[in-house]
Amino acid sequence: MTEPAIRLHNSKTRRKEAFTPIDAENIRLYLCGPTVYDRAHLGNARPVVVIDVLYRLLREVYGPECVTYVRNFTDVDDKINASAQARKEAGAIETLEELIRQRTEETIGWYHADMDALGALRPTHEPRATDFIGAMIAMIEDLIAKGHAYEKEGHVLFRVRSYKDYGALSGRSVDDMIAGARVEVAPFKEDPMDFVLWKPSDADLPGWESPWGRGRPGWHIECSAMSYELLGASFDIHAGGIDLQFPHHENEIAQSCCAHPEGGFANVWLHNEMLQVEGKKMSKSLGNFFTVRDLLDQGIPGEVIRFVFLQTHYGKPMDWTAEKARQAEVTLRKWYRIAEQGLDGVSEPYIAVISALSDDLNTAEAIAQCHQLAHADDISTLRATLQFLGLMGRSVPEWASAPEADLSGLATKLAALRTTAMETKDFAPVDAMKTALLAAGVEVRMSKAGVELLPGAGFDAAKLEGL
RNA sequence: GGCGGGUUGGCGGAGAGGUUACGCAGCGGAUUGCAAAUCCGUGAAGACCGGUUCGAUUCCGGUACCCGCCUCCA
């Protein structure tokens, strides 16, 4: 009862609600993970960072051993197939399956590296869809047996009309959507809204044997099967981008609730809003499409990217701009300079930050509270809080730590120059040296007490030659 | 066409029916040979039109504009 109550905005009820775990000893969280065909773009990173904050908060409040976090890898997908086929046509000697495996392995490695750089903790489980084909087939068979799905021309389809609450999550009705007439009309569908659980694969595509012939699963079934296997028929929180609300999450609910009517599937649905870039949607056609790796390669540290994400509440559209990244770096450097002092003090994360996050992950308020800590010069609490927020590890990140350099000799020389200048009234030599130091990325602090030289952001020891 | 989100001071971005958000930038001051850094102080807002209220930027309705989804993209 001492910990602050967590409140979350539940997309299912469209309200902010007190979070009550099903089992406080094992809080279960599921996030729809990436399709592993290419580097994660910046938008892919937003839900990961958002849920990482939630994961850290839950671990803090309920205990690190009491949270199970699952994030899947979708490694069966037509884009992956296309990429493997392209390599095959380019002359690769491996089999299609081998090429697919290579591609997904490689992409998962990239994904881990990129998300690690953003300070996101690894989930408890990271299931791959291809390791759960059996569970998916079993679930589909069950759905057919219960009358919620049917086989037609090698496909298995979910019978949307058999689930009365279909559309409840996203506030749509089947009839309205059909009236919108944007649904794919396929001859083998009983109803235009029915969606694919299983589809046939020809020889050029990866496939698994099934009661309906060689084929592969539809997209939605994997999350239903894996969440059931790893978290059970009922779990606490299901998260993802708002663009997944329909149809993906709606279909997950339909499948899971029909297959396991004894469970309620996810209690809380958490959806993050979309990311924009300089005020526009990120898209390849606009030329503003980039990956997390692109930013890291440009020298923008992962902590800076994370900080920019945290400035905006997850439920609002977030705009990525170069200016925000610049300001974030300035702020982080300032905080790090404070946090790295006196590494002796051990402390807990600031309670006001825990409270802020408990209020539907108010990360902007958490940052405001960090400013207060910095202002109050509460070194150990600031450090513990930054670590808690994933903005720093055990120590200050390398990019922000002061480069190793002994500038005491130069400081003495500058001090002497100034003393002389005070008498001669000719400050030109002092200013010249100061300018040179600044050009080398050295911060020059001159006070009555003396001269202090600090290697700064763009420090370049080579430029100090001759001083 | 249907469903959903947004619109806050120069910029970014929160909370709260009536009291300073916070950060960056600006301005004034302390300090400095001058700066930088630091510290102190300070101006500045709530897309538009109505309604509820003693009082709304905060609640309700409408308008405008922006964005997302409805086409297996987070």
Side-chain angles (χ1 to χ4, degrees), chain A residues 11 14 31-35 37-38 40-51 74 77-79 167 169-173 175-184 193 195-196 199 217-222 239-248 250-251 271-276 279-284 289 307-308 310-319 321 323-324 326-328 330-331 334 337 356 359 362-372 374-375 418-419 421-428 430-431 434-435 437-438 442-449 452 454 456:
Chain A
S11 302
R14 288 153 219 266
L31 171 65
C32 289
T35 300
Y37 67 98
D38 207 350
H41 67 247
L42 192 62
N44 291 315
R46 174 122 104 133
V48 174
V49 171
V50 166
I51 296 312
T74 299
D77 173 88
D78 287 347
K79 281 198 276 289
L169 177 70
S170 53
R172 297 151 201 257
S173 79
D175 293 322
D176 286 350
M177 285 186 281
I178 291 172
R182 292 239 196 153
V183 287
E184 180 193 0
M193 289 305 296
F195 58 90
V196 171
K199 53 192 167 187
W219 174 36
H220 316 292
I221 193 71
E222 64 170 270
I242 187 69
D243 57 330
L244 291 184
Q245 190 182 38
F246 188 90
H248 183 55
E250 202 72 72
N251 291 353
H271 287 108
N272 62 277
E273 256 293 343
M274 298 290 99
L275 175 130
Q276 294 177 271
K280 297 199 175 87
K281 181 187 177 179
M282 182 163 79
S283 71
K284 286 179 180 168
F289 182 95
F307 185 99
V308 171
L310 263 39
Q311 278 184 302
T312 304
H313 183 85
Y314 74 86
K316 284 196 171 183
M318 197 214 92
D319 195 17
T321 66
E323 175 61 14
K324 280 187 184 179
R326 192 194 64 74
Q327 284 192 12
V330 170
T331 301
K334 190 163 82 180
R337 201 160 65 200
D359 182 15
N362 191 341
T363 48
E365 173 65 19
I367 286 174
Q369 291 299 334
C370 287
H371 281 295
Q372 299 307 306
H375 193 253
R418 183 170 66 155
T419 308
M422 296 283 230
E423 290 163 11
T424 63
K425 300 296 174 198
D426 176 15
F427 288 94
V430 186
D431 290 339
K434 214 162 71 179
T435 306
L437 286 167
L438 287 173
V442 177
E443 193 181 303
V444 181
R445 300 188 192 180
M446 304 175 77
S447 67
K448 253 181 210 165
E452 215 182 339
L454 299 170

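Within every chain, numbering begins at 1; the chains are lettered A, B, ... in the order of the sequence lines, protein sequences first and strands thereafter.
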- Task: Check if the side chain of A/D431 and the base of B/G33 share a donor-acceptor pair of N or O atoms closer than 3.5 Å.
- Result: yes
- Heavy-atom donor-acceptor pair, A/H271 side-chain to B/A74 base, under 3.5 Å: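 When only heavy-atom distances are counted, A/H271 does not reach the base of B/A74 through any donor-acceptor pair under 3.5 Å.
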Quick one: which of [options] gets closest to the side chain of [X]?
{"X": "A/N362", "options": "B/A21, B/C40, B/G15", "value": "B/G15"}
{"X": "A/E273", "options": "B/A35, B/C73, B/G5", "value": "B/G5"}
{"X": "A/Q276", "options": "B/C67, B/A35, B/A14", "value": "B/C67"}
{"X": "A/M274", "options": "B/A74, B/C70, B/C24", "value": "B/A74"}
{"X": "A/A364", "options": "B/G13, B/U32, B/A35", "value": "B/G13"}
{"X": "A/P317", "options": "B/G6, B/A74, B/A37", "value": "B/G6"}
{"X": "A/H371", "options": "B/G23, B/A74, B/A14", "value": "B/G23"}
{"X": "A/D243", "options": "B/C70, B/C34, B/G68", "value": "B/G68"}

Side-chain N or O of [X] less than 4.0 angstrom from OP1 or OP2 on [N]?
{"X": "A/K316", "N": "B/C67", "value": "no"}
{"X": "A/K324", "N": "B/G13", "value": "yes"}
{"X": "A/T312", "N": "B/G13", "value": "yes"}
{"X": "A/K334", "N": "B/C24", "value": "yes"}

- Using the C1' atom on both, measure B/G29 against B/C22 and round to a whole Å.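 Per the computed distance, 23 Å lies between those C1' atoms.
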- When rounded to the nearest Å, what value does the distance between P atoms of B/C60 and B/G4 take?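 Those two atoms are separated by 14 Å.
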Across the strands shown, which category fits [X] at heavy-atom distances under 4.0 angstrom: base, sugar-phosphate, nothing?
{"X": "A/F246", "answer": "sugar-phosphate"}
{"X": "A/Q372", "answer": "sugar-phosphate"}
{"X": "A/K434", "answer": "base"}
{"X": "A/G240", "answer": "sugar-phosphate"}

- Hey, can you tell me if A/H248 and A/H220 have their rings parallel, tilted or perpendicular (30° and 60° cut-offs)?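 Judged by the thresholds at 30° and 60°, the geometry between A/H248 and A/H220 is tilted.
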